[in-house]
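Accompanying notes for the structure given below.
Letters go in sequence order (proteins before strands), and every chain restarts at 1. Please read all numbers here as calculations on a predicted model, not as lab measurements. These values consider heavy atoms only, across backbone and side chains, with no hydrogens, waters or symmetry-generated copies.
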Protein chains: 2
Amino acid sequence: MLYAGFMSETLPPLPTPQEPSDKPRLLEVGFAPDEPCLRADAARNRARLLEAATRLIAEHGVAGVTMEAVATAAGVGKGTVFRRFGDRTGLLLALLDHSAHRLQSDFLAGPPPLGPGAPPVDRLRALGVAVLYRYAEQLDLLLAAQSEPTRRHSHPAARALHMHTAMLLRQILPDADCELLAQTLVGYLDPALVHHLTRQCDMPLERLEAGWNDLVTRVTGADPQR
Amino acid sequence: MLYAGFMSETLPPLPTPQEPSDKPRLLEVGFAPDEPCLRADAARNRARLLEAATRLIAEHGVAGVTMEAVATAAGVGKGTVFRRFGDRTGLLLALLDHSAHRLQSDFLAGPPPLGPGAPPVDRLRALGVAVLYRYAEQLDLLLAAQSEPTRRHSHPAARALHMHTAMLLRQILPDADCELLAQTLVGYLDPALVHHLTRQCDMPLERLEAGWNDLVTRVTGADPQR
DNA sequence: AAGAAAACTGGACCCCGGTCCGTTTGGGAT
DNA sequence: ATCCCAAACGGACCGGGGTCCAGTTTTCTT
């Protein structure tokens, strides 16, 4: 049970939360109630809330994560939950932060082929596959956290993925409109799509993986390796 | 004011509403309260509701379309709205049905390059552009109707677009996994993405259009014509 | 024409997300 | 140790989506 959020707090005191930019810093073992500067009681309650939410998901699924239920289970008032996480989506996102950040530092500073060192095309292939498998095991939460369509693309985690993809593409296709191509690529990895294909169309993950490689090949014009 | 829905009714008496498959039949002038078999009063109320919803959107934007408000404005009870459209999304979708169906028959039976007759690649290019522009002018409604991520890809209109795209792709790339490639392509046309790029990133529609053509070129391996 | 089944209606009701605001508390300054 | 106020708290409150069901209307049957 080691949640540990950051780059989620959005509302009250911090005008722009700002993700921790670069430094990995995710080697904490138990859980890190960091949060730049939170009053002691606030930090304590935050931890309680995340724990309560985790428990509720385990017991009743994502649908059971009701703001009031979480508040009650954590022994705090409803207002506190909203103050801390902004809204339900914010809470859900906070639950996902840990793994999102891990993925992020994997492709920013981890070992090749995901991390730096491998050729850009290989990194791109590895990225898609990594995302695919990570998403596949958190589908419910990801879907639930995706409610508002307007926010989808503006969320820090989404932007990070997009920026990284665009960066890799730029190394391969310096003259293309890599912004847009990157959107296309990450679009293929959209949780809702993964859900549709695997759960509603019964496609095996391997096929999605092959599809990703094919897509990368076509878009970059690379050799159809692998 | 010529809404006219079909392929929306979902709930009570009709097990599988089924879209009218092929025949164009959208040349009605005023409005068509068709609906396979609806009791007279029900059809009347349905028309009233759609009109009321349209009016509310004009006056207060999509956000003003409250189930209760629509009901009141139409002079019916709240329960009636839900019985007819299932939920808010259903109502919004019904509002979009008219133009969705028009687009559909344009690419199924309209003049080339969108309709049959032109080479598949040209049809594909034309399709993306048509969708892009159509979406661009209904963004608010489309976004509002997109709430539930699970339903996005299973909706009839979405499936139709996807199937058609896959069909065109199959004519161009008989040996590829056209199902998945089609998902990628229509993903590029997702309203939420269009919204993000045009409204939040301030990209002109022309750039998205160019992006689409580039994408088609890369995916199909066609000559970068146009 | 009459009777009955099927379909439709409307509004009371419940639940949940989100807001508001009067009260409490942590922790730096003196 | 004390003061003080920004920050945090909590729960009453609101509005909107969705459900339910008793009552009404339409349409079918004979």
Side-chain angles (χ1 to χ4, degrees), chain A residues 9-15 17 33 35-49 52-53 56-57 60-94 144-148 150-151, chain B residues 9-15 17 33 35-49 52-53 56-57 60-94 144-148 150-151:
Chain A
E9 304 328 66
T10 39
L11 284 186
L14 348 168
E35 291 319 307
C37 38
L38 265 192
R39 238 170 63 170
D41 53 347
R44 180 175 46 76
N45 282 344
R46 178 177 206 280
R48 280 187 191 168
L49 284 167
L56 282 177
I57 287 184
H60 308 108
V62 183
V65 180
T66 252
M67 295 306 258
E68 199 152 343
V70 174
T72 306
V76 306
K78 196 172 163 188
T80 304
V81 193
F82 282 94
R83 154 173 298 269
R84 190 60 38 209
F85 300 102
D87 56 11
R88 202 179 105 106
T89 300
L91 172 60
L92 265 18
L93 251 18
Q146 226 196 31
S147 50
E148 235 189 297
T150 314
R151 253 192 280 176
Chain B
E9 302 330 66
T10 39
L11 285 185
L14 347 169
E35 291 320 306
C37 37
L38 263 194
R39 237 170 64 173
D41 53 346
R44 180 176 46 75
N45 283 343
R46 178 177 206 279
R48 280 190 192 165
L49 283 168
L56 281 177
I57 287 185
H60 309 107
V62 183
V65 179
T66 255
M67 294 307 257
E68 200 152 343
V70 174
T72 306
V76 306
K78 197 173 163 187
T80 304
V81 193
F82 281 94
R83 152 170 298 267
R84 190 59 39 208
F85 300 103
D87 57 11
R88 201 179 105 106
T89 301
L91 171 60
L92 265 19
L93 251 19
Q146 226 194 27
S147 51
E148 236 189 296
T150 314
R151 253 190 281 175

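For C:dG17, one of the phosphate oxygens OP1 or OP2 lies less than 4.0 angstrom from a side-chain nitrogen or oxygen of A:T66. Remark: A:R46 is not in phosphate contact with D:dA8, judged by side-chain N or O atoms under 4.0 Å from OP1 or OP2. Between A:R39 and C:dG26 there is no side-chain polar atom (N or O) within less than 4.0 angstrom of OP1 or OP2. The side chain of A:T80 contributes no N or O atom lying less than 4.0 Å from OP1 or OP2 of D:dA8. Listed pair B:N45 / C:dT9 meets the phosphate criterion, a side-chain N or O lying under 4.0 Å from OP1 or OP2.
Atom pair B:F85:CZ and C:dT9:C1' shows a separation of 15 Å (rounding to whole Å applied). The interatomic distance linking A:D41 (CG) with C:dT23 (C1') rounds to 14 Å, in whole Å. Going from atom CZ of A:R84 over to atom P of C:dG17 covers 19 Å, rounded to whole Å. Spacing between atom CE of B:M67 and atom P of C:dC16 amounts to 19 Å, rounded to whole angstrom units. Following rounding to the nearest Å, A:L38 (CG) and C:dG26 (C1') show an atom-to-atom distance of 13 Å. Rounded to whole Å, the distance from NZ on B:K78 to P on D:dG17 is 7 Å. Regarding A:R83, its CZ atom lies at a distance of 14 Å from the C1' atom of D:dG11, rounded to whole Å. Atom CZ of A:R88 and atom P of C:dT19 are 15 Å apart (whole Å).
Listed nucleotides C:dC8, C:dG17, D:dG18 differ in distance to A:F82; the shortest reach to its side chain belongs to C:dG17.
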Q. Would B:F85 and B:R46 count as a side chain to side chain contact (heavy atoms under 4.5 Å, CB included) if you check the C-alpha gap in whole Å, the side-chain angles of each, and the deciding distance to 0.1 Å?
A. CA-CA 9 Å; B:F85 300 103; B:R46 178 177 206 279; 3.8 Å; yes

Test side chain to side chain contact (heavy atoms under 4.5 Å, CB included) on A:T89 and A:R151; report intermediate values, then the result.
CA-CA 10 Å; A:T89 300; A:R151 253 192 280 176; 3.9 Å; yes

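Remark: A:R48 does not engage A:D41 in a salt bridge, criterion side-chain N to carboxylate O under 4.0 Å.
Shown here for A:A52 and A:A73, the closest heavy-atom pair between the two residues is CB-CB, 3.9 Å. Of all heavy-atom pairs spanning B:M67 and B:V81, the tightest one is CE-CG1, 3.7 Å.
When each of B:E68 and B:R44 is assigned the nucleotide of DNA chain D bearing its nearest heavy atom, the one mapping closer to the 5' terminus is B:E68.
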